[in-house]
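Since the structure comes first, as structure tokens, the remarks are kept for the end.
The basis for the numbers below is simple: all heavy atoms, side chains too, and nothing from hydrogens, waters or symmetry mates.
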Amino acid sequence: MQILRISGGRQLRGEVDIPGSKNAALAILSAVPLIDKPITLHGVPDISDVRIKVDLLRDFGVKIEWIDGALHIDPSTIRYHEPSAESVRAIRTSFCLLGPLLARLGRAYLPVPGGCLIGVRPVDFHLKGLAMLGADVRLDNGVYVASTDGLTGAEIYLDFPSAGATHHLMTAATLATGQTVISNVAVEPEVISLAQFLNSLGARIEGAGTSTLTIQGVTSLTGGQFRIPADRLQASTYLMAGAITCGDVTVRGVLPEQQVATLNKLREAGAQSDEGPDWVRVWATDRLQGIKVKTMPYPGFPTDIQQPMAALLATARQGSVVEETIYESRIGHIPELNRMGAKMTIEGRATLIEGVDRLKGTVVQASDLRAGAAIVLAALAASGESIIKNVHYIDRGYDKFESRLRSLGADIERVDLVDWERDRSSRIQLAE
């Protein structure tokens, strides 16, 4: 097991290039079974969720090589496969392979999805949409067993604009016979990226970025190349790292319009910002002010940045309220931040934050991906040393996190837990 050791109190300053988007990469990889010819994906983030998805595709016979940040994929050899529960449950987006596998092979076998424990994330929208496209899906002892005589276009309405369901049903409908119209879809940038990727291979998808998608089914998809766009959530995290340490951080390779919700709240709290065609800069010269934050589907404030924002507001002047409307259990960061001296309480779906002058380093642990990011931000601003356990959660979505933070001036390193505990024991004995 590995841990992160952080000595806080340093102002982060400088520029950082943002790696490819986790959510876009995983959505695009879920579409791989649809494709007949070799493809190359550039700018793929080197994170554990992507590596797990790549290994799962290999289990289905897909040939994949990872060379210098690019994935070279040959899906022509894909075959029917019954993967183990362990290989599928490691990440939630494995479930989004179900529709593409049905479209390509006519049948599929997938255990129930996994992922971070942040609340109930039902797949009802996915299953309802697949059924309307002509799939027969049943849950048999923890496994989804699905078959179809051929997917056919349909009119589908999502009761909630779920990004996952939008990705999944868009890909499944790409090879369906006839036209599919999906209403009340998600408008996240990753939806647009997935549509652009599929269209570059011969798909006929219109309306990405609006509330309605229209997909005219095609018989096959060809090969090609595509670059994964920068990760807007990683970008927001680095900008917050600059603000929480009263530093000055510029993220590069990003679209500023994807940072509007984050920047508006940072400015409301007292930070300053600037932006250009492909960069955003945030800086702060003093403690921020307390504000109210409410998560909403894009273009609202992202649920994935709610926990880092709570860490940022832990040391704000006056009180803050952070309301989570998407996932009811996205609260794993709260007890850990309170261990560092924060004053946070839960009231329904809201986190009430009483700002403190300073956080103090201690031993804490990540409970999920974004909770881990929140704890790292807190540790960067805290006095003294922090030890963060369960870093495998952070590795799910942050590419070379500690090295990028070091480039901004952070005192952070990854060490083996056993080595740290041995050194700690030695220090205690010397002190005695």
Side-chain angles (χ1 to χ4, degrees), residues 21 23-24 26-28 30-31 33-34 92-93 95-104 108 113 119-137 144 146 148-219 221 229 232 257-258 260-261 294-304 324-328:
S21 165
N23 291 341
L26 292 174
I28 286 170
S30 291
L34 300 171
R92 182 170 179 77
T93 63
F95 182 69
C96 291
L97 288 168
L98 189 66
L101 287 170
L102 280 171
R104 178 72 177 275
V120 177
R121 294 189 284 178
V123 295
D124 299 17
F125 304 148
H126 302 242
L127 298 175
K128 177 183 174 182
L130 290 175
M132 295 182 71
L133 290 172
D136 177 19
V137 185
Y144 288 103
T148 182
D149 292 329
L151 299 181
T152 304
E155 292 193 6
I156 302 170
Y157 177 83
L158 299 181
D159 293 328
F160 179 83
S162 160
T166 300
H167 293 154
H168 195 175
L169 298 177
M170 184 202 309
T171 54
T174 297
L175 296 187
T177 301
Q179 179 177 279
T180 298
V181 178
I182 313 175
S183 302
N184 196 33
V185 298
V187 298
E188 271 84 351
E190 295 78 20
V191 172
I192 299 174
S193 296
L194 176 60
Q196 290 173 337
F197 167 70
L198 292 170
N199 282 341
S200 73
L201 305 181
R204 296 174 61 188
I205 301 170
E206 297 179 353
T210 74
S211 61
T212 302
L213 286 173
T214 302
I215 304 110
Q216 187 66 44
V218 297
T219 57
L221 296 179
R232 61 190 174 95
E257 57 266 31
Q258 295 180 3
V260 168
K294 183 178 182 178
T295 64
M296 295 291 288
Y298 188 87
F301 191 87
T303 178
D304 287 314
E324 173 58 61
T325 69
I326 311 297
Y327 298 119
E328 75 282 358

Might you point out which heavy atoms bring [X] and [Y] nearest each other, and give the distance in Å?
| X | Y | result |
| --- | --- | --- |
| Ile182 | Leu169 | CD1-CB, 3.8 Å |
| His126 | Ser162 | NE2-OG, 4.5 Å |
| Asn184 | Leu158 | ND2-O, 2.7 Å |
| Pro299 | Val187 | CD-CG2, 4.4 Å |
| Ala24 | Glu190 | N-CG, 3.6 Å |
| Ser30 | Cys96 | OG-CB, 3.6 Å |

For residues 193-203, run the donor-acceptor check on the side chains, cut-off 3.5 Å, and write out each pair with its distance to 0.1 Å, sequence neighbours left out.
{"from": "Ser193", "atom 1": "OG", "to": "Pro189", "atom 2": "O", "distance (Å)": "3.3"}
{"from": "Asn199", "atom 1": "OD1", "to": "Ile205", "atom 2": "N", "distance (Å)": "2.9"}
{"from": "Asn199", "atom 1": "ND2", "to": "Ala195", "atom 2": "O", "distance (Å)": "3.4"}
{"from": "Asn199", "atom 1": "ND2", "to": "Ile205", "atom 2": "O", "distance (Å)": "3.1"}
{"from": "Ser200", "atom 1": "OG", "to": "Phe197", "atom 2": "O", "distance (Å)": "2.5"}

Spell out, as yes or no, whether a donor-acceptor pair under 3.5 Å connects the side chain of [X] to the backbone of [Y].
| X | Y | result |
| --- | --- | --- |
| Thr166 | Ala186 | yes |
| Glu324 | Ile326 | yes |
| Arg232 | Gln258 | no |
| Thr171 | Ala31 | no |
| Thr177 | Thr152 | no |

Salt bridge (charged side-chain N to carboxylate O under 4.0 Å, His left out) partners for Glu188, two or more places apart: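 If we apply the salt bridge (charged side-chain N to carboxylate O under 4.0 Å, His left out) test to Glu188, skipping adjacent residues, there are no hits.
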Look up atom [atom1] in [X] and atom [atom2] in [Y], then write down how far apart they are to the nearest 0.5 Å.
| X | Y | atom1 | atom2 | result |
| --- | --- | --- | --- | --- |
| Arg104 | Leu175 | CZ | CG | 8.5 Å |
| Leu97 | His168 | CG | NE2 | 8.0 Å |
| Thr303 | Tyr298 | OG1 | OH | 15.5 Å |
| Glu206 | Gln216 | CD | CD | 9.0 Å |

Residues in ring-ring contact (aromatic ring centres under 6.0 Å, His included) contact with Tyr144, at least two apart in sequence or another chain: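 Tyr144 satisfies ring-ring contact (aromatic ring centres under 6.0 Å, His included) with Phe95 once adjacent residues are dropped.
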Audit row: Leu133, Ile156, side-chain contact (heavy atoms from CB on, under 4.5 Å) steps and yes/no: CA-CA 9 Å; Leu133 290 172; Ile156 302 170; 4.1 Å; yes
side-chain contact (heavy atoms from CB on, under 4.5 Å) evaluation trace for Asp304 with Asn23: CA-CA 11 Å; Asp304 287 314; Asn23 291 341; 4.2 Å; yes
Residue pair Lys128, Asp159: steps toward the side-chain contact (heavy atoms from CB on, under 4.5 Å) verdict: CA-CA 11 Å; Lys128 177 183 174 182; Asp159 293 328; 4.2 Å; yes
